[in-house]
Amino acid sequence: MNFNKLLRTMPFILAGLIVILIVLIILGGLDSKPNNDNAGQNVADAGTPTKAQDKPVDWKDDGVDITKPDKNGDSNDPAATGTPDDPQGGDIADITPEPTKEPDTIEDNEFGFVFTEKSDFVDTKDGVNLRAGASTDTAVVAHLDKGKRLERTGYNSEWTRVIYNEMECYIATSLIVRSAATIDEGLTPTDAPTGSPVAEITFEAKSDYVDTKDGVNLRKDPSTESDLVAHLEKSERLKRIGYNKDWTRVEYNGKTCYLATFLVTGVSDKAERDPVSNENGETGNGENGGGTENIENPPVQIVFEEKSDYVDTKDNINIRKEPSTESERVAYIEKSLRLKRTGYNKDWTRVEYEGKTCYIATYLITGVSDKAERETENNGTGTENETGSGNASGGIFYGSGSGKLICIDPGHQTKGNYETEPVAPGSSEKKAKVSSGTSGTSTGIPEYKLNLNVAMQLKDELVKRGYRVVMTRNSNDVNISNIERAGIANGNNVDAFVRIHANGSDNSAVSGIETICQTKNNTSNGNIYSKCRKLSDTVLEGMVSATGGKNRGVWETDTMSGINWSNVPVTIVEMGFMTNPDEDKKLAETEYQKKIVTGIADGIDNYFK
């Protein structure tokens with residue numbers, strides 16, 4: 001090759017190499033940068049923020065961030081932590097949640113959440129939010145600094161529907177630490193076996209069948225602390241192989257297990273229920289499904305307490321030769337009768353009828369008297385005053401003579417009715433018709449049970465003092481709204497309307513006794529304000545004097561439906577705080593209840609003076 005020619009072409013070769021190198025460098029740099037189209041696609045994939053992302057949310061407070069450790073370093077994932085400790089015998093086995101969805105996938109209830117209906121109580125963790133809807137995007141109704149027992153009305157794996165201050169609201173299911181199993185089992189803490197129940201409990205051998213209530217727990221051992229074998233949503237007939245006054249041993253799906261005896265509604269020698277319901281008037285509360293007698297044991301095992309007085313019956317009942325629904329029927333009574341009572345058992349009552357000894361189911365008795373004949377005087381409603389006859393619409397009456405007529409309303413009932421009604425006549429504001437109330441922090445006793453217990457004692461005390469009494473209810477399984485309760489007092493034109501309640505607070509340190517009446521400016525019944533205030537004052541003074549409890553005074557408010565709808569002198573008695581551990585224990589004591597009753601009765605006496 002000609003060397004001179006090579007030298008002349010060299011610059012062009014070098015320039016070409018440089019151009020190639022520059023192109024390679026440019027191409028390499030482009031590879032390391034994001035493609036504009038891809039970048040746009042990445043943004044689109046992120047999407048529009050979901051409802052849960054629209055605003056900052058404290059996920060920990062709502063308990064939906066299952067990956068974030070709590071203050072003890074433990075995961076909030078229920079599957080990881082297992083069942084929480086329950087010193088009161090409670091458990092969460094019947095509401096074990098499925099793994100919670102990630103926060104940004106939680107849907108609002110209006111977009112399809114389905115709830116399993118519940119009617120029990122649950123305890124919450126400390127520092128939780130209650131929300132207006134099943135979404136962290138909804139308003140916070142309340143923030144609970146301390147754990148609280150709430151009434152549960154619905155459940156799913158992510159959200160639980162509860163009642164708080166008579167409002168329906170929602171809490172993340174992961175924030176529930178236990179259900180109130182002492183209530184689920186039908187036992188108060190004092191009834192529930194303790195220690196090592198398997199070794200201590202002796203069972204009487206049985207070989208028959210029992211019917212259960214709805215919504216009961218079957219346990220591996222006879223203890224509320226034992227593992228849950230099954231939860232029966234609906235009543236079932238089970239083979240019974242052992243009996244104890246607290247626990248019943250049964251067979252379920254080939255396993256030996258236990259349920260609280262309280263939850264047994266009937267006994268039978270038949271493995272299958274009859275296809276039709278039982279005879280009129282002897283299935284009691286209708287929970288045994290027909291074909292069983294509403295008694296705990298066969299007739300030969302019944303022991304009667306001797307009596308020598310008189311009882312009034314309901315209408316349309318059977319009188320039997322023996323204490324069993326399978327026994328021969330002596331008579332069918334269409335209208336209420338007064339019969340001589342010779343023996344009493346919680347399930348059956350022994351009476352004399354046309355010279356014969358026979359039996360009626362005890363729950364068919366409406367009243368007891370020491371008189372063989374009924375008084376001819378009545379209160380204008382056609383209902384006898386001395387025996388406890390009557391019904392929910394017109395009240396249940398006790399006492400006789402011409403004494404002042406007092407209406408006693410045991411607040412709440414077993415199951416709340418959260419349909420709404422006007423808070424006052426002509427008002428557009430509405431409230432729940434009636435709630436089931438609070439429950440004891442220490443005892444677990446529901447308020448509706450405490451209220452009825454004290455109210456029935458008050459009824460006896462007032463009758464003893466010469467008053468006549470009309471009760472709005474004398475059992476827990478009723479459905480009577482607050483307006484209807486006031487209607488019973490109004491319809492009978494009573495001289496005083498006393499509503500028995502217990503109090504609750506988010507602050508467990510709060511305690512004391514108070515009474516409630518309307519303000520003098522109440523547009524519905526401000527004209528009787530002075531009488532209501534006087535009744536509230538005298539009853540409060542009587543209770544404080546009798547119990548030595550803290551006097552919280554009279555609260556005047558126009559927010560209470562049962563007061564606003566009353567046309568007669570009315571007061572609400574708040575006996576004490578069931579959310580205060582010490583006061584809750586006091587309220588459960590028989591002697592303290594007697595003091596409360598004496599105080600209320602003294603206050604009523606002073607009101608009429």
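Residue numbers run from 1 in the order of the sequence given. These figures come from a predicted structure and were not determined experimentally.
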Enquirer: Does the W247 side chain pair with the main chain of G242, one donor and one acceptor, at a distance under 3.5 Å?
Expert: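 No; zero donor-acceptor contacts below 3.5 Å.
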Enquirer: Indicate yes or no: at least one non-hydrogen side-chain atom of W555 is less than 4.5 angstrom from one of E574.
Expert: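 In short, these two side chains do not touch, never coming nearer than 4.5 Å.
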Enquirer: Decide whether Q518 and N564 meet the rule of one side-chain donor and one side-chain acceptor closer than 3.5 Å.
Expert: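 Result is no, nothing qualifies.
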Enquirer: Can you find a heavy atom in the side chain of R485 that is under 4.5 Å from one in the side chain of V434?
Expert: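 With C-beta onward as the side chain, the pair touches.
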Enquirer: Supply the atom-to-atom distance R552 CZ to S511 OG, rounded to the nearest 0.5 angstrom.
Expert: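 Between R552 CZ and S511 OG, I get 7.5 Å after rounding to 0.5 Å.
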Enquirer: Quick one: do I513 and L540 satisfy side chain to side chain contact (heavy atoms under 4.5 Å, CB included)? Show the steps, please.
Expert: CA-CA 7 Å; I513 302 167; L540 177 63; 3.9 Å; yes
Enquirer: Kindly give the heavy-atom pair with the smallest separation between I516 and S536, and that separation in Å.
Expert: O-OG, 3.7 Å
Enquirer: Say you draw a straight line from CE of M560 to CZ of R499; how long is it, rounded to the nearest 0.5 Å?
Expert: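 Rounded to the nearest 0.5 Å, the CE-CZ separation comes out at 8.5 Å.
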Enquirer: For a quick test of reading the model, state the closest non-hydrogen atom pair linking A486 to S566 and the distance between them.
Expert: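 Here A486 and S566 meet closest at CB-N, 4.1 Å.
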Enquirer: Assess the side chains of Y258 and N244: does a donor N or O sit below 3.5 Å from an acceptor N or O?
Expert: no
Enquirer: Applying side-chain hydrogen bond (donor to acceptor under 3.5 Å, both in side chains), name anything that partners K585, two or more places apart in sequence or on another chain.
Expert: none
Enquirer: Is there a side-chain contact between V250 and C257 in this structure, where contact means two heavy atoms from C-beta onward sitting under 4.5 Å apart?
Expert: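 Answer yes - side chains close enough.
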Enquirer: OG1 of T515 to CD1 of I572: how many Å apart, nearest 0.5 Å?
Expert: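 Nearest 0.5 Å value for the OG1-CD1 distance: 9.5 Å.
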Enquirer: For S508 and T579, test the side chains for any donor-to-acceptor distance below 3.5 angstrom and give the result as yes or no.
Expert: no
Enquirer: Just by distance, with hydrogens left out, do D584 and T443 show a side-chain donor and acceptor under 3.5 Å apart?
Expert: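 A pair is found: one side chain offers a donor N or O, the other an acceptor, under 3.5 Å apart.
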Enquirer: Mind listing the closest non-hydrogen atom pair of T173 and N156 along with its distance?
Expert: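 That would be OG1-O, 2.9 Å.
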Enquirer: Please round to the nearest 0.5 Å and tell me the distance separating atom CD of E583 and atom CE of M578.
Expert: 10.5 Å
Enquirer: Looking at side-chain heavy atoms only, is the closest gap between L130 and L150 below 4.5 Å?
Expert: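 Yes, their side chains come closer than 4.5 Å.
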Enquirer: Using a 6.0 Å cut-off, check whether atom NZ of K550 has over 12 heavy atoms from anything other than its own residue.
Expert: no
Enquirer: Look up atom CD1 in I163 and atom OG in S435, then write down how far apart they are to the nearest 0.5 Å.
Expert: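 Rounded to the nearest 0.5 Å, the CD1-OG separation comes out at 8.0 Å.
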Enquirer: Search all heavy atoms of M471 against all heavy atoms of A455 and return the closest pair with its distance.
Expert: CE-CB, 4.0 Å
Enquirer: Show the nearest heavy-atom pair for residues K431 and T559, with the distance to one decimal.
Expert: NZ-O, 2.8 Å
Enquirer: Does a side-chain heavy-atom distance below 4.5 Å link V573 with I596?
Expert: no
Enquirer: Is there any salt bridge (Lys or Arg N to Asp or Glu O under 4.0 Å) pair reaching into residues 411-427, and which pairs are they, with sequence neighbours excluded?
Expert: E419-K433
Enquirer: Minimum heavy-atom separation for M543 and T547, please, with both atom names.
Expert: O-OG1, 2.7 Å
Enquirer: For the backbone of G411 and the side chain of N451, can you confirm whether one donor and one acceptor N or O come within less than 3.5 Å of each other?
Expert: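 Judged by distance alone, yes, a pair lies under 3.5 Å.
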Enquirer: Answer yes or no: is there a donor N or O on one side and an acceptor on the other, between the side chain of R473 and the main chain of S475, under 3.5 Å?
Expert: yes
